[in-house]
Amino acid sequence: ENYPPPPYANVAVSAAGTIQMGGIVLMMFGTQIFNTLGMPEPEWYKELQENKMMAFCGVFFMNSMANSLTTTGAFEVILDGEVVYSKLETGRMPNGRQLI
């Protein structure tokens, strides 16, 4: 059986993916984008350019955090079609005595 993540988690993952792509495009082509739009580079963009590695890691870390929201933690032990143990019901992992 599949246990889908809550709807807010799907929205967070989608938003994080969009922000990640936008951040990468901005880091790689930001100067050209601002020049094309006839805008001066904002101060925050200059700081981003000075700390590219940290910004790049931050973008990927944010995406990783959003992806962790999609894990449901579902763990069930089924024997002969009967649920012997369900982490979803108890909220914790089983120990050996509970399974024997």
Side-chain angles (χ1 to χ4, degrees):
E1 219 174 311
N2 190 11
Y3 296 97
Y8 70 85
N10 291 330
V11 172
V13 169
S14 179
T18 301
I19 291 170
Q20 181 183 25
M21 284 295 139
I24 291 171
V25 167
L26 191 61
M27 283 187 275
M28 295 178 74
F29 305 109
T31 302
Q32 293 89 343
I33 292 170
F34 288 120
N35 288 339
T36 302
L37 295 174
M39 296 172 55
E41 292 178 0
E43 197 61 37
W44 60 266
Y45 178 72
K46 291 176 184 176
E47 290 179 27
L48 178 94
Q49 289 297 77
E50 290 174 8
N51 299 304
K52 279 186 182 181
M53 190 61 177
M54 191 165 79
F56 196 72
C57 290
V59 167
F60 276 97
F61 179 71
M62 179 188 62
N63 192 39
S64 176
M65 292 298 291
N67 280 329
S68 71
L69 293 174
T70 61
T71 58
T72 60
F75 178 82
E76 292 186 327
V77 177
I78 299 172
L79 179 65
D80 294 329
E82 183 179 328
V83 177
V84 177
Y85 189 87
S86 173
K87 181 183 173 201
L88 294 175
E89 291 176 10
T90 63
R92 59 187 176 81
M93 291 296 285
N95 60 36
R97 292 182 182 163
Q98 291 172 317
L99 296 177
I100 296 179

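Just so we're clear, the structure is a prediction, and the values are computed from it rather than from any experiment. Sequential numbering from 1 along the given sequence is applied to the chain's residues. No hydrogens, no waters, no symmetry mates; every other heavy atom, side chains included, goes into these values.
Val11 belongs to no hydrophobic cluster, as no Ile, Leu, Val, Met, Phe, Trp or Tyr side chain comes under 4.5 Å of its own. With a 4.5 Å cut-off between side-chain heavy atoms of Ile, Leu, Val, Met, Phe, Trp and Tyr, the cluster of Met53 takes in none.
When the side chains of ILVMFWY residues are joined at heavy-atom separations under 4.5 Å, either directly or via intervening members, Trp44 and Met54 end up in two distinct hydrophobic clusters. Linking ILVMFWY residues whenever their side-chain heavy atoms come closer than 4.5 Å, directly or via other members, places Val77 and Leu79 in the same cluster. Met21 and Phe61 are members of different hydrophobic clusters when ILVMFWY side chains are connected at heavy-atom separations under 4.5 Å. The hydrophobic cluster containing Met93 also contains Val84, counting ILVMFWY residues as joined when their side-chain heavy atoms lie under 4.5 angstrom apart, directly or transitively.
Contact detail for Met62 and Gln20: the closest heavy-atom pair is CE-N, 4.5 Å.
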Quick one: side chains of residues 22-34, donor-acceptor pairs under 3.5 Å with protein atoms, not counting sequence neighbours, listed by atom name and distance.
unit_1: Thr31; atom_1: OG1; unit_2: Glu41; atom_2: OE2; d: 3.1
unit_1: Thr31; atom_1: OG1; unit_2: Tyr45; atom_2: OH; d: 3.3

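Contacts of Ser64 classified as side chain to side chain contact (heavy atoms under 4.5 Å, CB included), with partners at least two apart in sequence or in another chain: none. Take Phe60 and apply the ring-ring contact (aromatic ring centres under 6.0 Å, His included) test, not counting sequence neighbours, and it matches Phe56. Remark: Glu89 pairs with Ser86 by the side chain to side chain contact (heavy atoms under 4.5 Å, CB included) rule, at least two apart or across chains.
Counting only distance, with no hydrogens or angles, the side chain of Thr18 and the backbone of Ser14 share a donor-acceptor pair below 3.5 Å.
Atom NZ of residue Lys46 and atom CD of residue Glu43 lie 5.0 Å apart, to the nearest 0.5 angstrom.
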